[in-house]
Amino acid sequence: MKKGLLIFPYYTGKETLEEVFLDKKNHRLLWLEILFNDQVSWETYLDRPEVREAYQKARIWFTQFKTMIQVHIRRKPLEACSGMIDQKDYRQFLEALSFVSPLP
């Protein structure tokens, strides 16, 4: 079942969520896929702890960088969520945002 992943094929070569879920190393990128890909109904996967945790992180990042994200990509808003972001993830965030942004 292909869900049109954006980040995982680029970073890992994984094309489906089933492939992503099989390898725990992929879980560290899940928040980026959620943050930039609104084509997947992430709410249907919230029973999975790794998705629930990544979804929460994506909501925090979306809240912090909503304008930047919406200027670069058209995505349905995530529900606002307060929380701290880890600055160590900022480079990866910018790289992924650059990747998913349409070229001018």
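Heavy-atom minimum distance, A58 versus W31: CB-O, 3.6 Å. A pairwise comparison of heavy atoms in D47 and T44 identifies OD1-O, 3.6 Å as the closest pair. Closest heavy-atom contact between P9 and E15: CB-OE2, 3.7 Å.
Under the 4.5 Å side-chain heavy-atom criterion for Ile, Leu, Val, Met, Phe, Trp and Tyr, I60 and M68 are members of the same hydrophobic cluster.
Taken to the nearest 0.5 Å, the CH2 atom of W42 stands 10.5 Å off from the OH atom of Y55.
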>> Is there a side chain to side chain contact (heavy atoms under 4.5 Å, CB included) between I85 and Q87? Walk through the geometry before answering.
In response: CA-CA 6 Å; I85 61 169; Q87 291 298 322; 3.5 Å; yes

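Applying the ring pair (Phe, Tyr, Trp, His ring centres under 6.0 Å) rule to F65 yields the partners W61, Y90, F93; only residues at least two apart in sequence or on another chain are considered. Among residues two or more places apart in sequence or in another chain, the side chain to side chain contact (heavy atoms under 4.5 Å, CB included) test is passed with L29 by F8, Y11, T12, L32, Q92. Residues passing the salt bridge (charged side-chain N to carboxylate O under 4.0 Å, His left out) test with K57 are D89, sequence neighbours excluded. For the side chain to side chain contact (heavy atoms under 4.5 Å, CB included) test, residues two or more places apart in sequence or in another chain that qualify with F21 are L17, L30, Y45, R48, E50, V51. Listed by chain and residue number, D86 satisfy the salt bridge (charged side-chain N to carboxylate O under 4.0 Å, His left out) test with K88 (two or more places apart in sequence, or in another chain).
Counting heavy-atom neighbours within 6.0 Å of E53 CD, excluding the residue itself, gives a total of 12 or less.
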Output side-chain donor-acceptor pairs under 3.5 Å for residues 74-81, partner residues at least two apart or in another chain, one line each.
unit_1: R75; atom_1: NE; unit_2: L35; atom_2: O; d: 2.7
unit_1: R75; atom_1: NH2; unit_2: I34; atom_2: O; d: 2.8

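Side chains of L97 and S101 form a contact here, defined as non-hydrogen atoms less than 4.5 Å apart. Looking only at side-chain heavy atoms (C-beta outward), E33 and L6 come within less than 4.5 Å of each other.
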